[in-house]
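To find a chain, count down the sequence lines: A is the first, B the second, and so on, and within it residues start at 1.
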Amino acid sequence: MSGAEIARQDRIRELARQALTEGKVDYFIGWKAGHVPSEVIPAFVRNVDECDMLLWNPLCHHNLTTFLKRKMPDPPDARIGVCVKGCDSRTLVALLQETLVDKERLYVVGVPCDGIIDRRRLEKAFSDEVIDIAFQGEQVVVTTRGGETKELAYEELLLEQCASCDFPNPRYYDDLAGELLPQPEGPPRFPGLEEYEALSAEEKDRVLADAFATCIRCFACIHVCPVCYCWDQCVNRSRRPALVGQKVAAKENLMFQMVHMFHVAGRCPSCGACDRSCPVEIPLYLLHRKMNKELFEMLGFQAGLNVEDKPVFQTFNIDDALGEQ
Amino acid sequence: MKFLARDQLPTLLADLSTAAEVWVPVKQQNGVVQFDRWAPDVDVELDVFLARQSPKENVFPQTETYLEYRYLMVCSAQRPEFTDQTREELRQLVESEGGEVVAEVPPVAQELLLVADVGGGSQGEPGLGSAAGMDDSAQIILGLRPCDARGLSQMDNVFGGYGGFYFDPYYNVRRNNTTIIAVTCRTPRSTCFCRALGGSPAGTEGVDVLMTEIEGGFAVEAVTPKGESLVERSVFEKAQPEVEESAVAAKQAAEAGVNVPFELDGVREGLKAGFDSPVWHDLAMRCISCGTCTYVCPSCYCFNINDEIVEGTGERFRCWDNCFNPMYTLETSGHNPRESKHARFRNRFSHKFWYYPDKYDSLLCSGCGRCIMYCPTHVDIREVLRTMSAETTAEKGEA
């Protein structure tokens, strides 16, 4: 791990300790090691002496702001400390824009981020179970259960979205863990869409139909999504009215995901949590990142940048270029 | 014991597929391994340790149509002339589609309701509206692991009328026509815990034939009479003594790779004693209340029944459901006895290790570890059970 990353981790622990000692929060949400060192999971720390289990490294992929949305805090009025990366901070900003979380009950630690590892891609390079992933400078040392060890380049293992990240720094925080990173120049990037966009309408239909035929409707994608907060009132499960078919079939599955996509449009910053949570690896980014690209090109809008902004579907601008589309 | 040479696997599959539909683990385009129909151009994937889902769907499809119907309703008081017309329409429908009028509500409420079962099924598949339409074709599943097979056999009790409870004809017709050829695990994962539940990476519960990978091929053992007749095929050679020795060694190596992360004794008592324990709140903190664990589980069997109707044509089907779903316990009054996240979370573990064993004399978990692997936040069933076992110990300590 680089010096900067160790410094961030130390600072996260220190800020968590402080917040708990001062009674600023009831619990603090960060990341910790799972059942094997290669697995990082959300950590809920209530006691000062547990703060040392908090960690920071390029495996901390969970967007922890999902634990702030309706029905997730326990007790419901808990005062919560939470760590956010750049992308996570944008979902938090989206929640704040809609006043769905109370700023007063929140303590936010912003963590500048160099990019998260694509664990799925990494695992596919091994037939054995990956149990340890260690970071040594620019190298990632991967160890399997059978004892095989391989060194891979960190740069090459980054999630596609991280390799062209526009916001490595959090957009909203109370305290910062580590130094801010240089802010990338230029217009926002929407990677990974070229191949899909080059297809004809029929081919696009087929790609989506094929992808969603494998959906098992576990709803991980919507539950893990911080800005998808209808909880029990989700239209995708509603029987009255029965707007979305309950059958698990390609067409119905796509319909369900379309509902999700349109519903989070304007609030989704493409953090990729849905994509990473899908147990059957449906490329959900195709829908969400594409939607965000459209929103930017049509309306110049990007989700979750400033708390004062209004989500795009809650505003009307006479200059919006809708007429030209 | 028999021996099957590795290069004879396609021959075996081709042979089996003459009399039954054969299902095997197959690597999909995106690299995910799932069970799929075997065909001569399909590669069987036995290197990837577990398919993403067990072949539970082969006996218990995620969506299963019971019946299709036409629902004709006329307001007989206001438009009496339509009553006869509707009857006639229905009669023609029954004639042309081979259905049957299953309900006719007399026009007491100034309405005439006619419901016709038109055979069921969809997309060219035979209907399930009547027993005659039930899918009873033979299938063989090859390449599942012993935990997957055990998961199926654990579900059998709830669908099979155990203890005088409901007998499910749809499940059983399929289950009885299914032959299970399991393959002993070669490289168990750190998430495996079958041994903690009395299972084994070479377990035979629910298995008809067990194949164990050895040098050059597979050691093949028949477990049931169904399996006995299957291994009579000429593609299986008589096993030399060293085949048996290698199989024993392979099984022992696999056993050694499976951890025993908790003691099963005390889990049920712990769950009972700790039902109201505040510990559940802590355990459920990182649960996001989706249903992934239940849909990748080889033994979760809950389902709901839906009626969907468009312009008078309706379908009644069952669909997998799960205890994290709001509709799972929602009552007609609007009250939901399991409103909070931790209560829904608690049900999954209590069902598997307490309620189900109490009612059906079987565990409802075979220790495959998929719920740990595919949970978006890696909620760990082993941690939950360990923690809850300690609840009794804690109580005993106090007393």
Side-chain angles (χ1 to χ4, degrees), chain A residues 27 29 34-36 39-44 46 62 64 66-67 69 71-72 74-76 120-121 123-124 127-129 131 144-146 210-211 214 216-225 231-234 237-239 242 245-249 252 273-274 276-283, chain B residues 28-32 34 47-49 52-53 61-63 65 122-123 187-191 257 261 281-282 284-286 288-296 304 306-309 315 317 319-320 322 324-327 330 336 339-342 370 372-380 382-383:
Chain A
Y27 57 86
I29 316 177
H35 66 94
V36 285
E39 207 79 82
V40 167
I41 60 174
F44 296 80
R46 288 179 193 274
H62 289 100
L64 304 174
T66 201
F67 297 107
K69 68 180 181 180
K71 296 282 187 175
M72 296 299 262
D74 186 9
R120 210 167 254 174
R121 186 145 45 90
E123 277 182 7
K124 288 200 174 121
S127 61
D128 194 9
E129 179 187 3
I131 58 158
T144 67
R145 194 162 189 239
D210 286 352
T214 65
I216 58 171
R217 288 268 204 136
C218 66
F219 291 119
C221 49
I222 62 175
H223 280 260
V224 82
C225 173
W231 189 244
D232 286 0
Q233 281 70 40
C234 177
R237 286 197 270 234
S238 163
R239 306 296 202 282
Q246 297 300 310
K247 282 185 135 185
V248 181
E252 278 83 356
C274 51
R276 295 190 295 276
S277 74
C278 179
V280 292
E281 305 186 15
I282 295 171
Chain B
Q28 313 290 312
Q29 237 174 9
N30 63 356
V32 171
Q34 290 279 35
D47 290 337
V48 167
F49 171 56
R52 204 54 62 100
Q53 289 177 288
Q62 184 159 13
T63 304
T65 304
S122 61
Q123 290 158 11
T187 46
R189 292 178 64 114
S190 66
T191 39
H281 289 264
D282 288 334
M285 278 313 267
R286 75 173 189 267
I288 55 168
S289 220
C290 67
T292 306
C293 50
T294 66
Y295 291 176
V296 297
N304 55 32
N306 297 271
D307 266 357
E308 281 180 7
I309 185 160
E315 210 173 318
F317 56 91
C319 236
W320 291 357
N322 70 76
F324 297 91
N325 231 334
M327 303 287 281
L330 184 66
N336 195 337
E339 186 66 55
S340 68
K341 186 174 85 168
H342 86 278
R370 281 188 184 89
I372 312 168
M373 287 151 71
Y374 301 116
C375 171
T377 59
H378 302 287
V379 168
D380 194 329
R382 299 167 298 181
E383 181 194 336

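The part of B:Ile372 that comes within reach of chain A is its side chain, from C-beta onward, which places non-hydrogen atoms under 4.5 angstrom from that chain. For chain B, no part of A:Arg120 is nearby; none of its heavy atoms comes within less than 4.5 Å. Looking at A:Ala220, both its backbone and its side chain come within 4.5 Å of chain B, counting heavy atoms on both sides. Only the side chain of B:Arg382 comes within contact range of chain A, with at least one heavy atom under 4.5 Å from a heavy atom of that chain. Interface remark: B:Asp282 contributes side-chain atoms only to the contact with chain A (heavy atom separation under 4.5 Å). Both the backbone and the side chain of A:Val280 come within contact range of chain B, judged by heavy atoms closer than 4.5 Å. There is no contact between B:Asn322 and chain A, counting heavy-atom distances below 4.5 Å. Of the atoms belonging to A:Gln246, heavy atoms from both backbone and side chain fall under 4.5 Å from chain B.
Here the side chain of B:Glu308 pairs no donor or acceptor atom with the backbone of A:Gly245 at under 3.5 angstrom. Panel note: side chain B:His281, backbone A:Pro75; no donor-acceptor pair is recorded below 3.5 Å. The backbone N or O of B:Gly257 sits less than 3.5 Å from a side-chain atom of A:Arg145, completing a donor-acceptor pair. No side-chain donor-acceptor contact under 3.5 Å links B:Thr292 to the backbone of A:Cys218. Between the side chain of A:Glu39 and the backbone N or O of B:His378, no donor-acceptor pair lies under 3.5 Å.
With chain B as partner, the option from A:Arg276, A:Arg46, A:Lys69 having the largest number of non-hydrogen pairs under 4.5 angstrom is A:Arg46. For the set B:Thr377, B:Val32, B:Val296, the entry with the most heavy-atom pairs within less than 4.5 Å of chain A is B:Thr377. If you tally non-hydrogen atom pairs under 4.5 Å between each of B:Pro261, B:Gly291, B:Ser289 and chain A, the highest count goes to B:Ser289. Ranked by heavy-atom pairs under 4.5 Å with chain A, the first of B:Cys293, B:Ser190, B:Gly31 is B:Ser190. The candidate from B:Glu383, B:Gln29, B:Lys341, B:His342 with the greatest count of non-hydrogen atom pairs under 4.5 Å with chain A is B:Lys341. Most heavy-atom pairs under 4.5 Å with chain B: of the set A:Phe219, A:Tyr27, A:Phe44, this distinction falls to A:Phe44. Per-residue counts of heavy-atom pairs under 4.5 Å with chain B were compared for A:Ser277, A:Pro42, A:Gly34; the largest is that of A:Pro42. Annotation: maximal heavy-atom pairing with chain A below 4.5 Å, among B:Ile288, B:Thr191, B:Thr63, occurs at B:Ile288. With chain A as the partner, the residue from B:Cys375, B:Ser340, B:Pro61, B:Pro188 showing the most heavy-atom pairs under 4.5 Å is B:Pro188. When each of A:Arg237, A:His223, A:Glu281 is checked for heavy-atom pairs under 4.5 Å with chain B, A:His223 comes out on top.
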Can you check side chain to side chain donor-acceptor pair (under 3.5 Å) on A:His35 and B:Asp380, steps first, answer last?
CA-CA 8 Å; A:His35 66 94; B:Asp380 194 329; 5.0 Å; no

Step-by-step side chain to side chain donor-acceptor pair (under 3.5 Å) determination, A:Thr214 to B:Gln28:
CA-CA 10 Å; A:Thr214 65; B:Gln28 313 290 312; over 6 Å; no

Output, in order, the C-alpha distance, side-chain angles, deciding distance and verdict of side chain to side chain contact (heavy atoms under 4.5 Å, CB included) for A:Asp128 and B:Phe49.
CA-CA 8 Å; A:Asp128 194 9; B:Phe49 171 56; over 6 Å; no

Could you go through the side chain to side chain contact (heavy atoms under 4.5 Å, CB included) check for A:Asp232 and B:Glu339 one step at a time?
CA-CA 9 Å; A:Asp232 286 0; B:Glu339 186 66 55; 3.7 Å; yes

Evaluate the criterion side chain to side chain contact (heavy atoms under 4.5 Å, CB included) for residue pair A:Lys247 and B:Asn306; output intermediate values, then yes/no.
CA-CA 9 Å; A:Lys247 282 185 135 185; B:Asn306 297 271; over 6 Å; no

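Residues A:Val224 and B:Cys290 have side chains not in contact (no heavy-atom distance under 4.5 Å, counting atoms from C-beta outward). Counting heavy atoms from C-beta outward, A:Ile29 and B:Met285 have side chains that stay 4.5 Å or more apart. The side-chain heavy atoms of A:Arg239 and B:Asp307, taken from C-beta on, include no pair separated by under 4.5 Å. In this structure, the side chains of B:Arg286 and A:Ile41 come closer than 4.5 Å at one or more pairs of heavy atoms.
By the ring pair (Phe, Tyr, Trp, His ring centres under 6.0 Å) test, B:Tyr374 pairs with no residue at all, sequence neighbours left out.
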